[in-house]
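The block underneath contains the structure these notes are about, expressed in structure tokens.
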Amino acid sequence: MNFLTIGHRGVMGTEPENTLRSFVAAQAAGLDVIELDLHLSKDGALVVMHDADVRRTTDGSGPIAEKTLAELRELDAGLGERIPVFEEVLDAVRAPLQAEIKDVAAARALADVMHARDLVGRVEVLSFHDEAIAEIARLVPGVRTALVASRYGVDVVQRATAVGAATLVLNIRRLTLEIVEHARKADLRVIGWVVNTQDDLRLVRALQLDGATTDYPDIKRTGRFTA
């Protein structure tokens, strides 16, 4: 399998994260997959943003869940970009997507879109939350899922297999050869995040991971050739 380069919220190191501008730039840079985050607005739209609150990445403040899509559209998400909805990303780029969901409610909304637009082959669903992965797997037969973890031990392998995830997306700061070996025995793919330096890339390559999630598109150029 080829080593995958995955654009973290597009290319958030060079463009406003989780915006159409960032996703288009990630595709133009040739990244293999684009990762994004989903939350539900007050009126049930699948909006693309990492945080539950708009303060860090827009000129507004307050929880996404307390704002309608129309209210969210009024905010500047960086360089004049507006907060996109998931369907707009699907139309703006052709690349495969990793969609991270935060809860069961988002899983249900995403399932509706995946059925309506036949996205099983294009969208892999990620979550830190086991129950969200279990729910999307129940609602969308054949969906590819990945468990994301920041603080973890070898138990993360059992968690992934328990909910049927085929991939682990793991913080490289805690990643060890022991954990990778356990994952391989369970036939799991392993993606490392966030891989932004040559040292990060060397670690990912030394551990023989399947891919790297990065903030910067240059990883695509160097990733296939670094020992």
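Residue numbers run from 1 in the order of the sequence given. No hydrogens, no waters, no symmetry mates; every other heavy atom, side chains included, goes into these values.
- Without hydrogens or angle criteria, Arg144 side chain to Val125 main chain gives no donor-acceptor distance under 3.5 Å.
- Although no hydrogens or angles enter the test, the distance criterion places no donor-acceptor pair under 3.5 Å between the side chain of Gln98 and the main chain of Leu126.
- Between Asp210 and Arg184, at least one side-chain nitrogen of the basic residue sits less than 4.0 Å from a carboxylate oxygen of the acidic one, meeting the salt-bridge criterion.
- Using the six-membered ring where Trp is involved, Phe128 and Trp193 have ring planes that are perpendicular, over 60° apart on the 30 and 60° scheme.
- Under a cut-off of 6.0 angstrom, the local environment of NZ in Lys42 is sparse, with at most 12 non-hydrogen atoms contributed by other residues, nucleotides or ligands.
- The closest donor-acceptor contact from the side chain of Asn196 to the backbone of Asp215 lies under 3.5 Å.
- Between Leu147 and Ala160 the shortest heavy-atom distance is CD2-N, 3.8 Å.
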Please report the C-alpha distance between Arg173 and Asp200 in whole Å, then the side-chain angles of each, then the deciding distance to 0.1 Å, and finally whether the salt bridge (charged side-chain N to carboxylate O under 4.0 Å, His left out) criterion is met. CA-CA 9 Å; Arg173 302 290 173 255; Asp200 294 341; 3.3 Å; yes
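- Sorted by first then second residue, the salt bridge (charged side-chain N to carboxylate O under 4.0 Å, His left out) pairs that include residues 9-22, not counting sequence neighbours, are Arg9-Glu17, Arg9-Asp37, Glu15-Arg21, Glu17-Arg56.
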Should Arg189 and Leu4 be marked as a side chain to side chain contact (heavy atoms under 4.5 Å, CB included) after you check the CA-CA gap, both sets of side-chain angles, and the distance that decides it? CA-CA 11 Å; Arg189 290 194 315 165; Leu4 293 175; 3.3 Å; yes
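- Met114 CE to Leu139 CG: the interatomic distance, rounded to the nearest 0.5 Å, is 10.5 Å.
- A donor-acceptor contact shorter than 3.5 Å is absent between the side chain of Tyr216 and the backbone of Val195.
- A donor-acceptor pair is defined here as one N or O able to donate and one able to accept, closer than 3.5 Å; such a pair exists between the side chain of His39 and the backbone of Asp51.
- Side chain of Arg122 to backbone of Ala95: a donor-acceptor contact under 3.5 angstrom is found.
- Counting non-hydrogen atoms of other residues, nucleotides and ligands closer than 6.0 Å to CD of Gln208 gives a total of 12 or fewer.
- Applying the side chain to side chain donor-acceptor pair (under 3.5 Å) test to Asp112 and every residue at least two apart in sequence or in another chain returns nothing.
- The CD atom of Glu131 sits 13.0 Å away from atom CD1 of Ile136, with the distance rounded to the nearest 0.5 Å.
- Here the side chain of Asp32 pairs a donor or acceptor atom with the backbone of Thr5 at under 3.5 angstrom.
- Rounded to the nearest 0.5 Å, atoms CG (Leu203) and CG (Leu175) are 6.5 Å apart.
- Residue pairs meeting the salt bridge (charged side-chain N to carboxylate O under 4.0 Å, His left out) criterion with at least one member in residues 60-73, sequence neighbours excluded, are Arg73-Glu88.
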For a side chain to side chain contact (heavy atoms under 4.5 Å, CB included) check, start with the C-alpha distance between Val54 and Ile64, then their side-chain angles and the critical distance, and finish with the verdict. CA-CA 6 Å; Val54 302; Ile64 294 172; 3.8 Å; yes
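- With rounding to the nearest 0.5 angstrom, the OG1 atom of Thr58 is 8.0 Å from the CG atom of Asp76.
- Distance check: Leu36 CG to His8 NE2 gives 10.5 Å after rounding to the nearest 0.5 Å.
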